*Asks:* 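Sharing a structure, written as structure tokens. Questions coming.
This structure is a prediction, so every number in the text was calculated from the model and none was measured. Just so you know, residue 1 is the first one in the sequence shown, and it goes up from there.
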Amino acid sequence: MPQAFTIISARFARDLSAGDDQSGTPAGAVMAMAGSEVEWAETGAPSRRRAIRTWIVIWPQRDLARSYLDRRFEAIPLLASSEEHWCGLMVPYQTHGDLNWVPDGTSAAVFSQLGPRPKPGRPIFVMTTLGIGTPGEGMVPFGKGTRAVRQAFSDLPSVILEQQLLPDAHGADAPTLTLWESEAEVVNAAYRMEPHRSAMKVADYPDLARGSFTRMALLWADGHWEGVDLSSRAAIKA
């Protein structure tokens with residue numbers, strides 16, 4: 001049975017403090033991570049956008065994941081005070097690399113059980129992660145490159161939404177999350193277009209300890225994000 005992935009993102013009218021979110025790791029999860037949205041300055045320095053918070057969870061099976069989303073206001077009471085939020089259920093079908101979201105710092109394969117590749121033309125969710133080793137001079141070009149890629153992707157009509165998180169847990173790998181109209185659009189933007197084609201050389205930076213990428217089939221989505229109705233634009237196609 002393939003594993004499942006859920007995301008819940010919410011925007012609030014104020015910056016959140018450390019004690020505002022009391023949700024914790026959901027029961028039955030394989031791995032879970034929560035954090036703030038990242039904003040990159042022109043200098044390549046990151047900062048937290050604490051008014052935007054995201055919760056992402058890897059589940060052993062789809063039923064547990066869907067149940068969690070159905071009761072998301074109970075699982076995350078903070079959601080009730082959000083200005084807007086969206087959530088989605090995905091099943092991974094292609095993955096490579098290692099991920100660290102656990103307190104002891106142990107990295108592992110992102111997903112152990114994969115599902116089938118979706119039919120052409122269906123929405124694709126992509127998660128890439130990077131683990132930082134010892135930050136050095138390489139972080140400056142990395143930050144500038146990340147800013148350029150995020151801006152380029154957010155400007156593409158085929159990108160339904162784009163987010164990047166700075167985890168609460170110090171040392172946890174930071175994920176970038178994008179939802180695309182189709183896999184063909186993912187391949188074109190990642191391998192044939194600048195600035196991402198050049199940015200893939202980031203693996204050569206000695207500052208980076210590990211990385212991963214995962215493509216997922218979108219099974220269900222609900223909510224709104226930055227004027228986009230996810231239930232109509234993405235989920236109906238899935």
Side-chain angles (χ1 to χ4, degrees), residues 1-10 20-36 52-82 84-119 122-129 160-161 163 165 167-169 172-180 183 212-225 230-231 234-238:
M1 179 179 295
Q3 292 176 301
F5 179 95
T6 58
I7 177 171
I8 301 172
S9 287
D20 284 329
D21 181 13
Q22 299 294 322
S23 59
T25 300
V30 176
M31 285 194 288
M33 191 276 289
S36 308
I52 299 177
R53 185 162 180 79
T54 299
W55 300 260
I56 51 182
V57 187
I58 296 175
W59 300 90
Q61 60 189 44
R62 187 185 308 179
D63 290 347
L64 284 175
R66 182 56 192 265
S67 176
Y68 170 72
L69 292 181
D70 288 343
R71 57 179 182 82
R72 57 189 181 274
F73 288 97
E74 174 187 346
I76 308 175
L78 186 61
L79 278 180
S81 62
S82 66
E84 66 170 351
H85 85 281
W86 84 279
C87 59
L89 170 62
M90 300 84 174
V91 169
Y93 65 89
Q94 183 181 16
T95 190
H96 177 76
D98 295 328
L99 174 69
N100 171 32
W101 284 348
V102 295
D104 64 3
T106 301
S107 61
V110 186
F111 292 95
S112 58
Q113 300 292 330
L114 302 178
R117 183 181 296 274
K119 294 180 179 179
R122 296 201 172 188
I124 299 298
F125 190 83
V126 179
M127 178 178 75
T128 61
T129 67
I160 299 172
L161 61 83
Q163 296 177 281
L165 308 185
D168 293 340
D173 296 352
T176 298
L177 312 164
T178 47
L179 179 58
W180 301 75
E183 187 172 28
S212 77
F213 74 87
T214 302
R215 295 180 188 175
M216 312 183 207
L218 176 68
L219 301 186
W220 178 86
D222 188 35
H224 295 77
W225 197 253
L230 272 299
S231 59
I236 287 178
K237 296 182 181 181

*Asks:* Taking Leu78's backbone N and O only, do any of them form a donor-acceptor pair with Ser81's side chain (distance below 3.5 Å, no angle check)?
*Replies:*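 A pair under 3.5 Å: yes.
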*Asks:* Could you give me the CA-CA distance, side-chain angles and deciding distance for Leu114 and Phe111, then say whether side chain to side chain contact (heavy atoms under 4.5 Å, CB included) is met?
*Replies:* CA-CA 7 Å; Leu114 302 178; Phe111 292 95; 3.9 Å; yes
*Asks:* Would you sort out whether Trp55 and Leu79 count as a side chain to side chain contact (heavy atoms under 4.5 Å, CB included), showing the intermediate values?
*Replies:* CA-CA 11 Å; Trp55 300 260; Leu79 278 180; 4.0 Å; yes
*Asks:* Can you sort out the partners of Arg71 under salt bridge (charged side-chain N to carboxylate O under 4.0 Å, His left out), two or more places apart, ordered by chain and number?
*Replies:*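 By the salt bridge (charged side-chain N to carboxylate O under 4.0 Å, His left out) rule, Arg71 matches no residue at all.
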*Asks:* If we check side-chain contact (heavy atoms from CB on, under 4.5 Å) with Val110, which of these qualifies: Thr214, Asp98, Asp173?
*Replies:* Thr214
*Asks:* Which pairs, with at least one residue in residues 88-97 and sequence neighbours excluded, count as a salt bridge (charged side-chain N to carboxylate O under 4.0 Å, His left out)?
*Replies:*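 Listed by first then second residue: nothing to list.
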*Asks:* Quick check: do Trp225 and Ile160 have side-chain heavy atoms less than 4.5 Å from each other?
*Replies:*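 The answer is no; the side chains never approach within 4.5 Å.
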*Asks:* For Met1, is there any backbone N or O sitting under 3.5 Å from a side-chain donor or acceptor partner on Gln61?
*Replies:* no
*Asks:* Please list, chain by chain and in numerical order, all residues satisfying side chain to side chain contact (heavy atoms under 4.5 Å, CB included) with Val126, sequence neighbours excluded.
*Replies:*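 Val126: side chain to side chain contact (heavy atoms under 4.5 Å, CB included) contacts with Ile124, Thr128, Thr178, Trp180, Val186, Arg215.
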*Asks:* I'd like to check Pro175 versus Ile56 (side-chain heavy atoms, cut-off strictly below 4.5 Å). Are they in contact?
*Replies:*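 A side-chain contact under 4.5 Å exists here.
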*Asks:* Measuring only between side-chain heavy atoms, which start at C-beta, is Asn100 closer than 4.5 Å to Thr106?
*Replies:* no
*Asks:* If you look at every heavy atom in Ala75 and Ser23, which pair is closest and at what distance?
*Replies:*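 In terms of heavy atoms, the two residues are closest at O-CB, 3.3 Å.
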*Asks:* So, taking the atom named CZ in Arg53 and the one named CG in Leu165, what distance separates them when rounded to the nearest 0.5 Å?
*Replies:* 9.5 Å
*Asks:* Under 3.5 Å, side-chain donor or acceptor atoms of residues 84-91 against the rest of the protein: list the pairs with distances, not counting sequence neighbours.
*Replies:*
| residue | atom | partner | partner atom | Å |
| --- | --- | --- | --- | --- |
| Glu84 | OE1 | Glu226 | N | 3.4 |
| Glu84 | OE2 | Arg11 | NE | 2.8 |
| Glu84 | OE2 | Arg11 | NH2 | 3.2 |
| Glu84 | OE2 | Glu226 | N | 3.3 |
| His85 | NE2 | Arg72 | NE | 3.0 |
| Trp86 | NE1 | Gln163 | OE1 | 3.2 |

*Asks:* Distance from Trp101 atom CH2 to Met33 atom CE, nearest 0.5 Å?
*Replies:*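 Going from the CH2 atom of Trp101 to the CE atom of Met33 covers 5.0 Å.
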*Asks:* Answer whether the closest heavy-atom distance between the side chains of Gln3 and Val30 falls below 4.5 Å.
*Replies:* yes
*Asks:* Identify the two heavy atoms, one from Pro60 and one from Gly28, that lie closest to each other, and give their separation to 0.1 Å.
*Replies:* CD-O, 3.2 Å
*Asks:* What closest approach, in Å, do Pro26 and Ala32 show between heavy atoms, and which atom pair accounts for it?
*Replies:*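 So the two residues come closest at CD-CB, 4.2 Å.
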*Asks:* Where do Phe213 and Thr129 land on the side chain to side chain contact (heavy atoms under 4.5 Å, CB included) test, with the steps shown first?
*Replies:* CA-CA 6 Å; Phe213 74 87; Thr129 67; over 6 Å; no
*Asks:* Please report the closest heavy-atom contact between Ser82 and Ala10, naming both atoms and the distance.
*Replies:*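 Heavy atoms of Ser82 and Ala10 come nearest at CB-CB, 3.9 Å.
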*Asks:* Could you tell me which residues satisfy ring-ring contact (aromatic ring centres under 6.0 Å, His included) with Trp59, sequence neighbours excluded, listed by chain and number?
*Replies:* Tyr68
*Asks:* So, taking the atom named CD1 in Ile58 and the one named CG in Leu99, what distance separates them when rounded to the nearest 0.5 Å?
*Replies:*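 Here the interatomic distance stands at 6.0 Å.
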*Asks:* Report the distance from atom CD1 of Ile7 to atom CE of Met216, rounding to the nearest 0.5 Å.
*Replies:*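 Going from the CD1 atom of Ile7 to the CE atom of Met216 covers 9.0 Å.
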*Asks:* Determine which pairs satisfy salt bridge (charged side-chain N to carboxylate O under 4.0 Å, His left out) with at least one residue from residues 58-68, sequence neighbours left out, and list them in order.
*Replies:* Arg66-Asp70
*Asks:* Run Leu230 and Asp222 through side chain to side chain contact (heavy atoms under 4.5 Å, CB included) and show every step you take.
*Replies:* CA-CA 5 Å; Leu230 272 299; Asp222 188 35; over 6 Å; no
*Asks:* Is it true that Glu183 and Arg122 have a side-chain N and a carboxylate O under 4.0 angstrom from each other?
*Replies:* no
